A.B. asks: 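First, the structure itself, so that you have it in front of you.
Lettering of chains follows the sequences in order, A, B, ..., and the numbering in each one begins at 1. Since the model is a prediction, treat every value here as computed from it, not as a measurement.
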2 protein chains.
Amino acid sequence: MKLTSKGRYAVMALADLARFDNVNPVSLRDISLRQGISLDYLEQIFSKLRKKEIVQSVRGTQGGYVLNKKAKEIKLTNIFDAVDEKVKTVQCKKESKKGCHGKSTKCLTHNLWDELENHIKNFFEKKNLEDLVKDNIERRI
Amino acid sequence: MKLTSKGRYAVMALADLARFDNVNPVSLRDISLRQGISLDYLEQIFSKLRKKEIVQSVRGTQGGYVLNKKAKEIKLTNIFDAVDEKVKTVQCKKESKKGCHGKSTKCLTHNLWDELENHIKNFFEKKNLEDLVKDNIERRI
DNA sequence: GTATACTTGACTATTTTAGTCAGGTTTATA
DNA sequence: TATAAACCTGACTAAAATAGTCAAGTATAC
Ligand code: FES
Ligand code: FES
(Lines give C-alpha, C1' and ligand atoms only; values in the text may rest on other atoms or scores of the structure.)
(Ligands and ions follow the chains in the order given, each with its own letter.)
Protein backbone atom coordinates (compact mmCIF):
# COMPACT_ATOMS: atom_id res chain seq x y z
CA MET A 1 0.00 0.00 0.00
CA LYS A 2 1.43 3.27 -1.00
CA LEU A 3 0.61 6.87 -1.55
CA THR A 4 0.79 8.01 -5.17
CA SER A 5 2.60 11.10 -6.37
CA LYS A 6 -0.62 12.73 -7.38
CA GLY A 7 -1.96 12.83 -3.85
CA ARG A 8 1.42 13.58 -2.36
CA TYR A 9 2.11 16.45 -4.75
CA ALA A 10 -1.36 17.90 -4.33
CA VAL A 11 -0.90 18.20 -0.60
CA MET A 12 2.69 19.36 -0.96
CA ALA A 13 1.72 22.09 -3.41
CA LEU A 14 -1.19 23.25 -1.29
CA ALA A 15 1.03 23.36 1.76
CA ASP A 16 3.36 25.61 -0.20
CA LEU A 17 0.46 27.71 -1.40
CA ALA A 18 -0.96 28.05 2.11
CA ARG A 19 2.38 29.21 3.40
CA PHE A 20 2.98 31.90 0.80
CA ASP A 21 -0.62 32.87 0.36
CA ASN A 22 -1.07 36.44 1.53
CA VAL A 23 -2.36 39.04 -0.90
CA ASN A 24 -0.91 37.96 -4.21
CA PRO A 25 -1.63 34.73 -5.98
CA VAL A 26 1.12 32.15 -6.12
CA SER A 27 2.23 30.96 -9.53
CA LEU A 28 2.65 27.30 -10.32
CA ARG A 29 6.09 28.15 -11.61
CA ASP A 30 7.16 29.20 -8.12
CA ILE A 31 5.67 26.11 -6.54
CA SER A 32 7.33 24.00 -9.18
CA LEU A 33 10.73 25.50 -8.41
CA ARG A 34 10.37 25.45 -4.64
CA GLN A 35 8.96 21.95 -4.37
CA GLY A 36 10.70 20.33 -7.30
CA ILE A 37 7.53 19.18 -9.01
CA SER A 38 7.12 19.26 -12.79
CA LEU A 39 5.16 22.32 -13.91
CA ASP A 40 3.10 20.34 -16.41
CA TYR A 41 2.14 17.86 -13.76
CA LEU A 42 1.19 20.62 -11.35
CA GLU A 43 -1.12 22.06 -13.96
CA GLN A 44 -3.02 18.81 -14.18
CA ILE A 45 -3.33 18.70 -10.43
CA PHE A 46 -4.45 22.30 -10.02
CA SER A 47 -6.99 21.94 -12.77
CA LYS A 48 -8.70 19.37 -10.57
CA LEU A 49 -8.28 21.40 -7.41
CA ARG A 50 -9.90 24.36 -9.11
CA LYS A 51 -12.85 22.33 -10.37
CA LYS A 52 -13.48 21.16 -6.83
CA GLU A 53 -13.26 24.76 -5.60
CA ILE A 54 -10.31 24.23 -3.34
CA VAL A 55 -8.32 26.94 -5.11
CA GLN A 56 -9.16 29.91 -7.29
CA SER A 57 -7.17 30.89 -10.33
CA VAL A 58 -6.07 34.34 -11.39
CA ARG A 59 -5.15 34.50 -15.05
CA GLY A 60 -2.64 36.70 -16.79
CA THR A 61 0.70 38.13 -15.76
CA GLN A 62 1.21 38.15 -12.01
CA GLY A 63 -1.51 35.55 -11.89
CA GLY A 64 -1.48 32.28 -10.05
CA TYR A 65 -3.62 30.46 -7.53
CA VAL A 66 -5.18 31.39 -4.20
CA LEU A 67 -6.86 29.20 -1.62
CA ASN A 68 -10.60 29.33 -1.97
CA LYS A 69 -11.28 28.64 1.69
CA LYS A 70 -9.46 29.11 4.93
CA ALA A 71 -6.62 26.65 5.44
CA LYS A 72 -8.41 25.26 8.45
CA GLU A 73 -11.41 24.33 6.36
CA ILE A 74 -9.44 22.31 3.83
CA LYS A 75 -9.15 18.75 5.05
CA LEU A 76 -6.89 16.14 3.53
CA THR A 77 -10.06 14.28 2.65
CA ASN A 78 -11.10 17.17 0.41
CA ILE A 79 -7.74 17.32 -1.29
CA PHE A 80 -7.56 13.60 -1.98
CA ASP A 81 -11.12 13.54 -3.24
CA ALA A 82 -10.35 16.37 -5.62
CA VAL A 83 -7.40 14.68 -7.26
CA ASP A 84 -8.95 11.19 -7.18
CA GLU A 85 -6.46 9.74 -4.77
CA LYS A 86 -8.59 6.84 -3.63
CA VAL A 87 -8.29 4.74 -0.54
CA LYS A 88 -9.17 1.28 -1.74
CA THR A 89 -8.78 -1.67 0.54
CA VAL A 90 -11.70 -3.97 -0.27
CA GLN A 91 -11.75 -5.74 -3.59
CA CYS A 92 -15.49 -6.01 -3.95
CA LYS A 93 -17.97 -3.24 -4.49
CA LYS A 94 -18.91 -2.15 -1.02
CA GLU A 95 -22.51 -1.30 -1.74
CA SER A 96 -23.18 -4.55 -3.52
CA LYS A 97 -24.06 -7.63 -1.52
CA LYS A 98 -21.70 -9.71 -3.57
CA GLY A 99 -18.24 -10.68 -2.41
CA CYS A 100 -14.76 -10.65 -3.82
CA HIS A 101 -14.89 -12.59 -7.05
CA GLY A 102 -18.56 -12.03 -7.66
CA LYS A 103 -19.34 -14.57 -4.96
CA SER A 104 -22.67 -14.45 -3.21
CA THR A 105 -21.28 -13.60 0.23
CA LYS A 106 -18.59 -11.27 1.49
CA CYS A 107 -15.19 -12.87 1.95
CA LEU A 108 -13.52 -13.72 5.27
CA THR A 109 -11.50 -10.53 5.29
CA HIS A 110 -14.06 -8.05 4.03
CA ASN A 111 -14.81 -6.55 7.43
CA LEU A 112 -11.15 -6.27 8.24
CA TRP A 113 -10.39 -4.23 5.14
CA ASP A 114 -13.41 -2.13 5.69
CA GLU A 115 -12.19 -1.30 9.17
CA LEU A 116 -8.78 -0.47 7.76
CA GLU A 117 -10.34 1.84 5.22
CA ASN A 118 -12.20 3.70 7.93
CA HIS A 119 -9.07 3.86 10.02
CA ILE A 120 -7.16 5.57 7.22
CA LYS A 121 -9.99 7.85 6.17
CA ASN A 122 -10.30 8.91 9.76
CA PHE A 123 -6.76 10.24 9.64
CA PHE A 124 -7.47 12.24 6.49
CA GLU A 125 -10.61 13.61 8.03
CA LYS A 126 -8.80 14.91 11.09
CA LYS A 127 -5.95 16.68 9.34
CA ASN A 128 -6.29 20.01 7.60
CA LEU A 129 -3.99 22.42 5.82
CA GLU A 130 -3.62 24.68 8.81
CA ASP A 131 -2.25 21.82 10.90
CA LEU A 132 0.33 21.30 8.24
CA VAL A 133 1.42 24.93 8.04
CA LYS A 134 1.60 25.21 11.83
CA ASP A 135 3.68 22.09 12.08
CA ASN A 136 6.16 23.55 9.62
CA ILE A 137 6.36 26.92 11.34
CA GLU A 138 7.02 25.24 14.67
CA ARG A 139 9.81 23.21 13.24
CA ARG A 140 11.10 26.11 11.15
CA ILE A 141 11.57 24.07 8.06
CA MET B 1 -3.47 4.26 -1.87
CA LYS B 2 -4.56 0.72 -2.18
CA LEU B 3 -3.96 -2.71 -0.84
CA THR B 4 -2.40 -5.13 -3.29
CA SER B 5 -3.67 -8.61 -4.00
CA LYS B 6 -0.59 -10.17 -2.53
CA GLY B 7 -1.26 -8.78 0.92
CA ARG B 8 -4.98 -9.28 0.63
CA TYR B 9 -4.67 -12.88 -0.49
CA ALA B 10 -2.07 -13.70 2.13
CA VAL B 11 -4.40 -12.63 4.91
CA MET B 12 -7.40 -14.21 3.23
CA ALA B 13 -5.62 -17.53 2.84
CA LEU B 14 -4.34 -17.51 6.39
CA ALA B 15 -7.80 -16.70 7.68
CA ASP B 16 -9.04 -19.75 5.80
CA LEU B 17 -6.18 -21.82 7.14
CA ALA B 18 -6.81 -20.68 10.70
CA ARG B 19 -10.45 -21.63 10.42
CA PHE B 20 -9.93 -25.13 9.11
CA ASP B 21 -6.73 -25.84 10.95
CA ASN B 22 -7.37 -28.63 13.43
CA VAL B 23 -5.29 -31.76 13.17
CA ASN B 24 -4.75 -32.13 9.48
CA PRO B 25 -2.85 -29.77 7.26
CA VAL B 26 -4.85 -27.73 4.78
CA SER B 27 -3.93 -28.03 1.13
CA LEU B 28 -3.48 -24.99 -1.06
CA ARG B 29 -5.87 -26.58 -3.49
CA ASP B 30 -8.65 -26.39 -0.93
CA ILE B 31 -7.86 -22.80 -0.11
CA SER B 32 -7.70 -22.00 -3.79
CA LEU B 33 -11.15 -23.45 -4.36
CA ARG B 34 -12.75 -21.97 -1.27
CA GLN B 35 -11.31 -18.50 -1.65
CA GLY B 36 -11.15 -18.29 -5.41
CA ILE B 37 -7.44 -17.56 -5.56
CA SER B 38 -5.18 -18.99 -8.26
CA LEU B 39 -3.26 -22.02 -7.01
CA ASP B 40 -0.02 -20.91 -8.64
CA TYR B 41 -0.27 -17.53 -7.01
CA LEU B 42 -1.00 -19.08 -3.61
CA GLU B 43 2.15 -21.13 -3.96
CA GLN B 44 4.24 -18.01 -4.34
CA ILE B 45 2.62 -16.50 -1.29
CA PHE B 46 2.96 -19.57 0.91
CA SER B 47 6.57 -20.02 -0.05
CA LYS B 48 7.21 -16.64 1.58
CA LEU B 49 5.02 -17.37 4.57
CA ARG B 50 6.95 -20.55 5.15
CA LYS B 51 10.32 -18.85 4.94
CA LYS B 52 9.19 -16.38 7.55
CA GLU B 53 7.98 -19.26 9.74
CA ILE B 54 4.37 -18.24 9.81
CA VAL B 55 3.28 -21.59 8.43
CA GLN B 56 4.77 -25.07 8.27
CA SER B 57 4.52 -27.30 5.27
CA VAL B 58 3.71 -30.99 5.15
CA ARG B 59 4.69 -32.63 1.90
CA GLY B 60 3.15 -35.57 0.12
CA THR B 61 -0.38 -36.87 -0.13
CA GLN B 62 -2.69 -35.43 2.50
CA GLY B 63 -0.11 -32.73 2.93
CA GLY B 64 -0.65 -29.01 3.11
CA TYR B 65 0.11 -26.20 5.47
CA VAL B 66 -0.36 -25.67 9.19
CA LEU B 67 0.01 -22.52 11.25
CA ASN B 68 3.38 -22.39 12.92
CA LYS B 69 2.16 -20.31 15.86
CA LYS B 70 -1.10 -19.71 17.63
CA ALA B 71 -3.49 -17.56 15.65
CA LYS B 72 -3.37 -14.98 18.38
CA GLU B 73 0.36 -14.59 17.93
CA ILE B 74 0.20 -13.87 14.23
CA LYS B 75 -0.27 -10.17 13.70
CA LEU B 76 -1.15 -8.57 10.40
CA THR B 77 2.21 -6.86 10.63
CA ASN B 78 3.92 -10.24 10.50
CA ILE B 79 1.90 -11.37 7.53
CA PHE B 80 2.51 -8.22 5.51
CA ASP B 81 6.19 -8.28 6.33
CA ALA B 82 6.44 -11.85 5.15
CA VAL B 83 4.92 -11.21 1.74
CA ASP B 84 6.59 -7.80 1.30
CA GLU B 85 3.41 -5.82 1.38
CA LYS B 86 4.96 -2.50 2.25
CA VAL B 87 3.35 0.59 3.70
CA LYS B 88 5.09 3.40 1.90
CA THR B 89 3.92 6.95 2.36
CA VAL B 90 7.06 9.08 2.36
CA GLN B 91 8.97 9.46 -0.85
CA CYS B 92 12.39 10.00 0.65
CA LYS B 93 14.50 7.51 2.51
CA LYS B 94 13.41 7.90 6.11
CA GLU B 95 16.79 7.23 7.69
CA SER B 96 18.59 9.66 5.41
CA LYS B 97 18.65 13.33 6.27
CA LYS B 98 17.89 14.23 2.70
CA GLY B 99 14.46 15.18 1.50
CA CYS B 100 12.17 14.24 -1.34
CA HIS B 101 14.13 14.86 -4.50
CA GLY B 102 17.52 14.53 -2.92
CA LYS B 103 17.08 17.95 -1.37
CA SER B 104 19.03 18.85 1.72
CA THR B 105 16.01 19.18 4.00
CA LYS B 106 12.83 17.22 4.48
CA CYS B 107 9.85 18.51 2.52
CA LEU B 108 6.82 20.32 3.93
CA THR B 109 4.77 17.16 4.10
CA HIS B 110 7.32 14.69 5.36
CA ASN B 111 6.08 14.66 8.92
CA LEU B 112 2.51 14.30 7.80
CA TRP B 113 3.22 11.20 5.77
CA ASP B 114 5.30 9.77 8.52
CA GLU B 115 2.39 10.18 10.93
CA LEU B 116 0.12 8.52 8.41
CA GLU B 117 2.49 5.60 8.09
CA ASN B 118 2.50 5.12 11.84
CA HIS B 119 -1.25 5.40 11.94
CA ILE B 120 -1.63 2.59 9.44
CA LYS B 121 1.06 0.39 10.92
CA ASN B 122 -0.61 0.78 14.25
CA PHE B 123 -3.71 -0.87 12.85
CA PHE B 124 -1.72 -3.81 11.53
CA GLU B 125 0.03 -4.17 14.83
CA LYS B 126 -3.23 -4.40 16.77
CA LYS B 127 -4.96 -6.99 14.61
CA ASN B 128 -4.15 -10.67 14.70
CA LEU B 129 -5.48 -13.78 13.02
CA GLU B 130 -7.55 -14.81 16.00
CA ASP B 131 -9.48 -11.53 15.86
CA LEU B 132 -10.28 -12.31 12.28
CA VAL B 133 -11.50 -15.84 12.94
CA LYS B 134 -13.61 -14.70 15.88
CA ASP B 135 -15.17 -11.96 13.84
CA ASN B 136 -16.19 -14.47 11.22
CA ILE B 137 -17.62 -16.94 13.71
CA GLU B 138 -19.70 -14.23 15.32
CA ARG B 139 -21.12 -13.17 12.01
CA ARG B 140 -21.46 -16.78 10.82
CA ILE B 141 -20.07 -16.05 7.42
C1' DG C 1 4.34 -46.82 -8.47
C1' DT C 2 1.33 -43.36 -8.64
C1' DA C 3 -1.37 -39.61 -7.32
C1' DT C 4 -1.27 -35.70 -4.38
C1' DA C 5 0.75 -31.75 -2.95
C1' DC C 6 4.65 -28.89 -1.98
C1' DT C 7 8.85 -26.17 -4.40
C1' DT C 8 11.18 -23.09 -7.41
C1' DG C 9 12.23 -19.94 -10.88
C1' DA C 10 11.33 -17.78 -14.98
C1' DC C 11 8.25 -15.52 -17.84
C1' DT C 12 4.47 -12.19 -19.41
C1' DA C 13 0.13 -9.55 -20.22
C1' DT C 14 -2.17 -5.88 -18.24
C1' DT C 15 -2.71 -1.91 -15.70
C1' DT C 16 -1.26 2.04 -13.35
C1' DT C 17 1.70 5.73 -12.66
C1' DA C 18 4.05 9.68 -13.49
C1' DG C 19 4.80 12.22 -16.12
C1' DT C 20 5.64 14.89 -21.20
C1' DC C 21 4.14 17.50 -25.10
C1' DA C 22 1.67 20.53 -28.01
C1' DG C 23 -1.26 23.86 -28.57
C1' DG C 24 -4.11 26.94 -26.89
C1' DT C 25 -6.40 31.52 -23.94
C1' DT C 26 -6.21 35.41 -20.70
C1' DT C 27 -4.42 39.63 -18.91
C1' DA C 28 -0.91 42.95 -16.58
C1' DT C 29 2.32 45.98 -17.92
C1' DA C 30 5.69 48.44 -20.65
C1' DT D 1 -0.88 47.42 -28.57
C1' DA D 2 2.81 44.13 -28.36
C1' DT D 3 4.62 40.87 -25.41
C1' DA D 4 5.50 37.82 -21.93
C1' DA D 5 3.80 35.57 -17.89
C1' DA D 6 0.73 32.43 -16.43
C1' DC D 7 -3.34 29.70 -16.69
C1' DC D 8 -5.88 25.87 -19.48
C1' DT D 9 -6.77 21.44 -21.98
C1' DG D 10 -6.34 17.09 -24.00
C1' DA D 11 -3.71 13.64 -25.92
C1' DC D 12 0.13 10.89 -25.68
C1' DT D 13 3.79 7.65 -23.67
C1' DA D 14 7.77 5.40 -21.16
C1' DA D 15 8.49 2.93 -17.28
C1' DA D 16 7.24 0.49 -13.36
C1' DA D 17 4.37 -2.41 -10.73
C1' DT D 18 0.96 -5.91 -10.45
C1' DA D 19 -1.16 -10.14 -10.84
C1' DG D 20 -0.72 -13.58 -12.37
C1' DT D 21 0.79 -18.05 -15.67
C1' DC D 22 3.80 -21.77 -16.95
C1' DA D 23 7.11 -25.38 -16.67
C1' DA D 24 9.67 -28.57 -14.39
C1' DG D 25 10.70 -30.36 -10.68
C1' DT D 26 10.76 -33.12 -5.41
C1' DA D 27 8.70 -35.51 -1.41
C1' DT D 28 5.59 -38.76 0.62
C1' DA D 29 1.23 -41.34 1.86
C1' DC D 30 -1.18 -45.07 0.23
S1 FES E 1 -13.17 -7.67 0.16
FE2 FES E 1 -15.31 -7.49 0.09
S3 FES E 1 -15.84 -9.55 -0.21
FE4 FES E 1 -13.70 -9.72 -0.22
S1 FES F 1 8.50 12.76 2.07
FE2 FES F 1 10.36 12.83 3.16
S3 FES F 1 11.17 14.66 2.42
FE4 FES F 1 9.37 14.61 1.28
A.B. asks: Distance check needed: D/dA6 P versus A/Arg59 CZ, whole Å only.
C.D. replies: 14 Å
A.B. asks: Can I get a per-line list of side-chain donor-acceptor pairs under 3.5 Å for residues 38-48 of chain A, giving both atom names and the distance, sequence neighbours left out?
C.D. replies:
unit_1: A/Ser38; atom_1: OG; unit_2: A/Asp40; atom_2: N; d: 3.3
unit_1: A/Ser38; atom_1: OG; unit_2: A/Tyr41; atom_2: N; d: 3.1

A.B. asks: What pairs of donor and acceptor atoms, side-chain ones from residues 54-61 of chain B against any protein atom, are under 3.5 angstrom apart with sequence neighbours left out?
C.D. replies:
unit_1: B/Gln56; atom_1: NE2; unit_2: B/Asn68; atom_2: OD1; d: 3.4

A.B. asks: Round to a whole Å and report the spacing from CG of A/Leu42 to C1' of C/dC21.
C.D. replies: 16 Å
A.B. asks: Taking CD1 from B/Ile45 and C1' from D/dT21, how many angstroms apart are they, rounded to a whole number?
C.D. replies: 14 Å
A.B. asks: Mind jotting down which residue pairs meet the side chain to side chain donor-acceptor pair (under 3.5 Å) criterion with at least one end in residues 120-132 of chain B? Sequence neighbours excluded, please.
C.D. replies: A/Glu115-B/Lys127, B/Lys75-B/Glu125, B/Thr77-B/Glu125, B/Glu117-B/Lys121
A.B. asks: With a 4.0 Å limit, can you tell me whether B/Ser38 has a side-chain N or O closer than that to the phosphate oxygens OP1/OP2 of D/dT21?
C.D. replies: yes
A.B. asks: What's the closest nucleotide to the B/Tyr65 side chain, out of C/dA28, C/dG19, C/dC6?
C.D. replies: C/dC6
A.B. asks: Using the test side-chain contact (heavy atoms from CB on, under 4.5 Å), find all partners of B/Lys70 that sit at least two apart in sequence or belong to another chain.
C.D. replies: B/Glu73
A.B. asks: In whole angstrom, what separates B/Arg8's CZ from D/dG20's P?
C.D. replies: 10 Å
A.B. asks: Establish, with yes or no, whether the OP1 or OP2 oxygen of D/dT18 is under 4.0 angstrom from a side-chain nitrogen or oxygen of B/Ser5.
C.D. replies: no
A.B. asks: Rounded to whole angstroms, how far apart are OH on B/Tyr41 and P on C/dC6?
C.D. replies: 18 Å
A.B. asks: Restricting to salt bridge (Lys or Arg N to Asp or Glu O under 4.0 Å), what partner residues turn up for A/Arg34, sequence neighbours left out?
C.D. replies: A/Asp16
A.B. asks: Is A/Lys98 atom NZ crowded by more than 12 heavy atoms from other residues, nucleotides or ligands, each under 6.0 Å away?
C.D. replies: no
A.B. asks: Where each residue is assigned the nucleotide of DNA chain C containing its nearest heavy atom, which of B/Gln91 and B/Ser27 is assigned the position nearer the 5′ end?
C.D. replies: B/Ser27
A.B. asks: Roughly how many Å is it from NZ in A/Lys2 to P in D/dA16, rounded to a whole number?
C.D. replies: 12 Å
A.B. asks: Would you indicate what A/Tyr9 reaches in the nucleic acid, counting non-hydrogen atoms under 4.0 angstrom: base, sugar-phosphate, or nothing?
C.D. replies: sugar-phosphate
A.B. asks: Just say parallel, tilted or perpendicular for the rings of A/Phe80 and A/Phe124, cut-offs at 30° and 60°.
C.D. replies: perpendicular
A.B. asks: Would you give a per-nucleotide map of nucleotides 9-14 of chain D, 5' to 3', where B means the base has a protein non-hydrogen atom under 4.0 Å away, S means only the sugar-phosphate does, and - means neither?
C.D. replies: B-B---
A.B. asks: Return the value, rounded to whole Å, for the distance between atom CE of A/Met12 and atom C1' of C/dA18.
C.D. replies: 14 Å
A.B. asks: Tell me which of A/Thr61 and A/Val58 sits closer to the 5' end of DNA chain D, going by the nucleotide each one is nearest to.
C.D. replies: A/Thr61
A.B. asks: Please tell me which of the listed nucleotides, D/dC7, C/dC6, C/dA28, lies nearest to the side chain of B/Ser57?
C.D. replies: C/dC6
A.B. asks: CE of B/Met1 versus P of C/dT17: gap in Å, rounded?
C.D. replies: 12 Å
